[in-house]
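Step one of this worksheet: look at the structure below.
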Amino acid sequence: MSPPPKIKIRVRFRRDGKIRFISHRDTARLMERAIRKIGLPIAYSEGFSPRPRIAFGLALTVAYESDAEFLDIDLVTPVDCEGLPERLTDALPDGLTVDAAVPLENGSESLQQAIVSCSWLVEVLGSHRAPAEPADDVTTDTAGALGANVDEDIAALVVAVEEAVAAVLAAPELPLERERKGKVTVADVRPAILDLEVTGPTEHGVQLNAVLATETVTLRPAELVRVLGDEFREGRVRRTHQWTRVDGIEQEPVNPSSANRSAELAGMRDS
Amino acid sequence: MRRMTSVWPRLEPHLARVQKPARYIGCEEGAKAKTPDDSLVSWLFMYPDAYEIGLPNQGLQILYEIVNERSDARADRSYAPWSDLEAIMREEQIPLFSVEHHTPGAEFDAIGFNLSAELTYTNLLNCVDLAGIPIRTADRSIDDPLVMAGGHCTYNPEPLADFLDVVVLGDGEEVVGELTDVLVDWRAHRDESGRTRTDLLRAIARVEGCYVPSLYEPTYADGHFTGLQPLFADAPEIIEKRTIADLGEWPYPKEQLSPLTEVVHDRLNVEVFRGCTRGCRFCQAGMITRPVRERPADQVRHMVAKGLERTGYDEVSLTSLSTADFSGIEPTVKGIMSDAADAGCGPISVSLPSLRVDAFGVDIAAQINGAKRTGLTFAPEAGTWRMRQIINKLIREEDLYEAVDAAFSQGWQRVKLYFLIGLPSETDEDTLGIAELSKNCVAIGRKYTKRASVTASVGGFVPKPFTPFQWFGQNTVEELQRKVNLLRDATRRMHGVNLKWHDPKATLAEGIASRGDRRVGAVIEDVWRNGGTFQEWSENFEVDRWHEAMDRAGLTIEDMVYRHRGEADVLPWEHLSAGLHKDFLWDDWQDALAEVGLPDCRWTPCYDCGACTGYGIEHVVASATPPAGGSQGTGQDLSIGHAVPVQLLERR
């Protein structure tokens with residue numbers, strides 16, 4: 001007996017706020033529960049312990065937010081994607097929001113294979129400790145003085161980060177030491193930095209816009225901060241895009257507002 | 001007045017560098033986001049262990065819902081922060097907080113701990129301390145929250161008597177409301193001149209089921225505990241437990257919390273009955289929760305269907321102390337399966353914890369065989385019939401083999417068997433019977449699959465208050481270890497038998513807390529002060545801390561743990577009552593030593609243990625017919641005593 005044709009949909013979702021502290025596995029479990037709640041006719045794996053057939057793109061690190069997460073769902077019968085984002089969002093906890101759902105053509109590459117790079121907003125903090133919350137009894141005067149200090153510190157940090165970014169972009173190679181399973185390796189990660197710019201100060205630090213490769217030579221946001229220098233720490237991080245390359249043109253797996261594949265072309269990255 | 005502030009802005013920057021930060025963010029589906037409002041009586045319900053252990057606790061979830069349904073009160077939850085976050089909290093002076101609103105613990109009117117395990121006692125002290133509340137009741141002021149505890153361990157609360165303002169015995173559904181009433185009244189009058197914390201405590205002592213340890217003073221003679229004296233006339237001499245008469249009136253939790261992150265028992269849980277009268281003599285839960293109160297089957301089905309739809313879970317556990325004893329368990333499971341199919345839920349599985357082998361047949365095995373089959377667990381508890389008679393777990397070897405055969409024949413490949421070692425009058429033959437039973441079960445499984453395996457999980461027996469074994473001297477660490485070694489050697493060459501055992505040293509620490517008197521409080525505090533938190537986690541447990549603390553408190557393990565108690569001994573929990581007559585327990589202890597079993601009074605005449613007669617309540621069961629023939633499937637003569645008081649549920 002030949003297996004029935006596969007019916008797939010691809011979903012795009014965001015992760016914002018407190019819920020950014022859950023893990024990739026947690027996200028998968030919450031998606032499975034939401035899919036069951038709204039009664040999507042999901043396909044299950046064969047075998048002794050059938051599992052719902054869903055597949056994610058690249059895992060999102062605990063504590064990172066994202067505008068661009070993707071999920072492929074295998075179905076046993078076709079569904080109308082109209083209204084599906086809203087239904088899924090209602091079935092998910094606050095902070096997980098589904099922006100789009102589209103049917104997927106047979107033979108589409110898996111998300112894991114298709115993604116070539118990601119865009120990130122990375123907050124860089126100075127190495128000093130985070131400023132303590134002002135105590136209740138601090139007078140307006142001293143609070144003002146503290147505020148002025150913080151502003152000065154951040155202005156200095158902007159300069160330092162801008163210098164570090166310029167140095168990284170100018171470097172012919174950037175050796176990075178990594179430890180994995182007790183083995184230390186060194187790799188030149190300069191080719192993984194596809195784009196990098198300072199976008200301005202945040203409340204506690206400086207924000208970068210970075211495009212980092214996820215194939216061949218890869219670099220994670222935390223590693224990028226290390227490459228910039230020991231005096232920096234990673235603050236808030238948000239993934240803004242995941243990119244695929246189709247016929248040499250980079251585009252997103254699903255455009256945030258697309259309900260069908262033609263609209264998706266509008267999501268091409270203008271670079 | 002208290003304020004309702006939030007530590008979130010100070011906590012958040014640190015969460016990215018702790019393990020599993022999702023433990024601290026709340027946001028569970030089903031959480032009650034009742035806005036902090038200083039005009040409401042506020043409860044913080046707390047499980048003194050890690051989030052993933054504490055969140056599923058059904059008792060706390062029930063109280064949490066009941067309080068939040070009131071217009072004059074609200075409740076948040078909290079769990080013990082893991083050691084990595086604790087270090088940050090102490091360094092940054094961030095107090096213990098609730099997960100819903102990150103409100104500091106000291107800003108609540110009352111903190112209610114669930115005590116389910118002795119090894120969490122040091123965590124309780126740690127949590128109180130992290131909240132910035134003095135750990136000793138004597139040092140607390142009128143502005144500090146009340147520190148309370150409920151749960152099975154409170155049937156001997158004496159080791160925590162110096163730290164707990166209030167101890168609540170028995171079912172919490174009704175008493176939590178009565179306590180809230182007292183707190184509402186107290187808030188209206190607390191600022192009147194001359195009011196003291198003791199006034200509040202004395203008011204609470206008048207609520208049935210509430211024990212206020214500071215209103216009693218212990219006496220000792222010749223180094224032994226001799227009794228407690230009430231300090232006030234209104235402090236009752238005996239504190240009786242609370243019992244709800246009908247579980248059907250309390251369909252809680254109505255909205256079980258479904259967490260964002262993985263926890264133990266990560267599934268829908270629906271309690272199908274409370275109480276158990278099988279009469280296993282080692283089992284404290286079965287003794288203190290009598291009588292049996294079944295939930296009506298249609299309510300069970302409704303709660304399951306609603307719960308699956310609301311949470312999206314694909315597994316439901318029907319919880320109780322012995323779920324296969326639920327009247328009409330098979331039609332109920334069938335009904336759950338067909339409800340789920342009608343609702344288009346996709347495949348679901350029903351799990352039945354605490355299965356008794358004599359009530360488990362192919363029919364049930366086939367029914368619960370749904371979405372996933374991870375493993376089945378049975379609890380024969382002892383390796384020989386002689387030993388099972390002594391503990392009154394009257395299941396025959398054939399019963400076990402039939403149940404195991406049913407499981408393997410329906411596709412299971414792994415079966416887990418629970419056993420106790422260190423039981424009264426246990427011989428090496430009894431101990432080795434565990435290996436023998438396990439081997440025979442593997443052989444049965446091999447008829448169906450080559451991959452059949454049996455895990456024999458062995459725990460050291462800790463005698464518990466309000467059981468017939470409360471007089472028994474616990475086995476020494478050395479003796480338990482010797483028995484573990486016997487089993488390890490015996491099972492080494494048995495293919496398909498995996499032996500797992502609980503560390504006998506941890507069993508010793510449980511024994512210290514299980515039957516200790518008030519002097520053990522100093523031991524708990526000492527262990528905590530020397531870094532002994534998360535003692536349930538083997539990587540954090542060091543028995544030396546407990547030995548040293550006992551030495552410093554001038555107590556001996558020989559006396560507190562290993563000593564056999566006599567009929568004349570005053571036990572540290574005699575001022576409390578679970579309804580059970582002391583002479584019933586003593587007679588049952590003598591019967592145990594004589595290897596005489598006792599039938600299940602749900603289906604046979606009453607032997608007047610006291611649990612029903614004392615409170616004017618009865619068993620609530622839907623069927624007066626036992627599930628497997630005669631009482632406990634043994635065909636013993638049951639023609640003793642009087643007519644059994646069984647209230648039959650009405651068909652709705």
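Heavy-atom basis, side chains included; hydrogens, waters and symmetry copies ignored. Each chain gets a letter, A, B and so on, in the order its sequence line appears, and its residues count up from 1.
- The contact between B:Thr261 and chain A is made by backbone and side chain atoms together, counting heavy-atom distances below 4.5 Å.
- Between the CZ atom of A:Phe21 and the CG atom of B:Leu15 there is a distance of 4.5 Å, given to the nearest 0.5 Å.
- In this structure, B:Asp342 places its CG atom where more than 12 heavy-atom neighbours from other residues, nucleotides or ligands lie under 6.0 Å away.
- Note on B:Ser258, B:Ala16, B:Gly26: by heavy-atom pairs under 4.5 Å with chain A, the leading option is B:Ser258.
- Residues B:Glu262 and A:Arg25 are paired through a salt bridge, judged by an N-O separation under 4.0 Å between the basic side chain and the carboxylate.
- In the displayed structure, B:Lys306 atom NZ is contacted under 6.0 Å by at most 12 heavy atoms of other residues, nucleotides or ligands.
- Atoms NZ and CG, on B:Lys20 and A:Asp26 in that order, are 9.5 Å from each other to the nearest 0.5 Å.
- At a threshold of 4.5 Å between non-hydrogen side-chain atoms, the residues A:Asp94 and B:Glu29 do not count as touching.
- Atom CD of A:Glu177 has 12 or fewer heavy atoms from other residues, nucleotides or ligands within 6.0 Å.
- For A:Ala91, the part lying near chain B is the backbone, with the side chain staying farther off; criterion is any non-hydrogen pair under 4.5 Å.
- Closest non-hydrogen pair, A:Leu30 versus B:Pro259, comes out as CD2-O, 4.0 Å.
- Residue B:His302 qualifies as open at atom NE2: its count of foreign heavy atoms under 6.0 Å is 12 or below.
- Interface check for chain B: of the options A:Pro93, A:Ala63, A:Gly39, A:Ala34, the most heavy-atom pairs under 4.5 Å are formed by A:Pro93.
- Proximity to chain B is limited to the side chain of A:Tyr44, based on heavy atoms less than 4.5 angstrom apart.
- Of the atoms belonging to B:Arg310, it is backbone heavy atoms, and not side-chain ones, that fall under 4.5 Å from chain A.
- Under the 4.0 Å criterion applied to side-chain N and carboxylate O atoms, B:Glu12 and A:Arg20 are assigned as salt-bridge partners.
- Heavy atoms closer than 4.5 Å to chain B are found in both the backbone and the side chain of A:Ile22.
- Ion pairing between a basic and an acidic side chain is recognised when a charged N comes within 4.0 Å of a carboxylate O; B:Asp314 and A:Arg33 show no such pairing.
- By the 4.0 Å N-to-carboxylate-O rule, B:Arg17 lies too far from A:Glu234 to be salt-bridged with it.
- With contacts defined as side-chain heavy-atom distances shorter than 4.5 Å, the pair B:Asp266/A:Arg29 qualifies.
- Counting all heavy atoms, side chain and backbone alike, A:Lys37 lies closest to B:Thr311 at CE-O, 3.5 Å.
- Counting heavy-atom neighbours within 6.0 Å of A:Arg220 CZ, excluding the residue itself, gives a total of 12 or less.
- Taking 4.5 Å as the limit, every side-chain heavy atom of A:Ile19 sits out of range of all side-chain heavy atoms of B:Cys27.
- With a threshold of 4.5 angstrom between heavy atoms, A:Ile35 does not approach chain B through any atom at all.
- Residues A:Lys18 and B:Trp8 meet the side-chain proximity criterion, which asks for heavy atoms closer than 4.5 Å.
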